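Have a look at the structure below before the remarks.
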Amino acid sequence: MTTAPEAGRFHDALGPLRDREQVAGRLLESSAKHSFDPDRELDWDAPFEEGKWFWPPELVSLYDTPLWRRMSQEQRMDLARHEAASLASLGIWFEIILMQLLVRHIYDKPLTSAHVRYALTEIEDECRHSKMFARFIQKAGTPTYPVTRLHHNLARVLKTVSTTPGSFAATLLGEEILDWMQRLTFPDERVQPLVRGITRIHVVEEARHVRYAREELRRQMASCPRWEAELTRLGSGESARTMSLSFVNPRVYTDVGLDRREAIAQAKASPHRREVMRTAAGRLTEFLDEIGVLRGVGRRLWVSSGLLAP
Ligand SMILES: [Fe+2]
Ligand SMILES: [Fe+2]
């Protein structure tokens, strides 16, 4: 016969799992209704429109700096095009990391669960996104902008050894900041229709990814051992620093004829840019704070990344 405390434990053990299945079930339903094939959905043959931006000017790293004011309109628009390609390159890098994290996450999970099926659905989404971003970079006529060798290799370690909460904290960092910018981009009539289409598809599908990662991270932080929670705090702070350093590849500046060092210094000193990045991270940092990720050394790393106000 089951005693009361055992019954309690039984309930506690099933509670989060049932919740996990419910969340995944709803996400699977939404995926069945609202998923897009960018190859067919978007008009890739249409020429770019004269006078339209590739990225909203306010979201370009040098906006409102003394250097920006000296640049011609043509050079500003050229920088926006290169920064859009740089963000698309960053997006592909993140998504490839995320796909590996998801594959590792489900390796030990019940194979027929909705939770695993949703992870596989998310991987399908990310495959389409990465191909869409690559196709965009090619069409934009810019180079690709990989992250530095060091960050490339740091991520190689993270995606291979990170434990579950650390993986999902990194996932949210990659998804939510770009998501905030894309939500401003797709309704913006000053922006190229192709860029608006790409960001619209991405926003719709990423909303599910964010939900999945947030729910899992919340469960994990409530149940993981203390060392793992500490590691997640530290790891997410370090990822925030890496993210803010590699957000825009500085090669974009030389590629549009600017002095690289001056451009980096001005973007770094820009109050507008700081405000944009902090606001972009705002929803995420609020959530991470609520579930206990922004504490101790990890919090200090977040502050030094510039994404969190001291
Ligand atoms: Fe994506
Ligand atoms: Fe995603």
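As the structure lists them, so they are numbered: ligands from 1, and atoms in each ligand from 1. Bear in mind that the values here come from a model prediction, so they are computed numbers and not experimental data.
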In short, side chain to side chain donor-acceptor pair (under 3.5 Å) pairs touching residues 190-199 with sequence neighbours left out are E58-R190, D188-R190
Looking just at side-chain N and O atoms, do H202 and H209 make a donor-acceptor pair shorter than 3.5 Å? no
Excluding waters, which are neither shown nor counted, protein N/O/S atoms under 2.8 Å from the Fe ion (ligand 2) come to 5
Only residue of E205, E122, E95 satisfying salt bridge (Lys or Arg N to Asp or Glu O under 4.0 Å) with R128 is E205
When you measure from the centre of the six-membered ring of F48, is the NZ or CZ of K139 under 6.0 Å away and within 45° of the axis? yes
Practice task
Kindly indicate whether a cation-pi arrangement holds for R214 with F287, taking the cut-offs as under 6.0 Å to the six-membered ring centre and within 45° of the axis.
Solution key: yes
Check: Could R218 and F168 be counted as a cation-pi pair, given that NZ or CZ must be under 6.0 Å from the ring centre and within 45° of the axis?
Finding: no
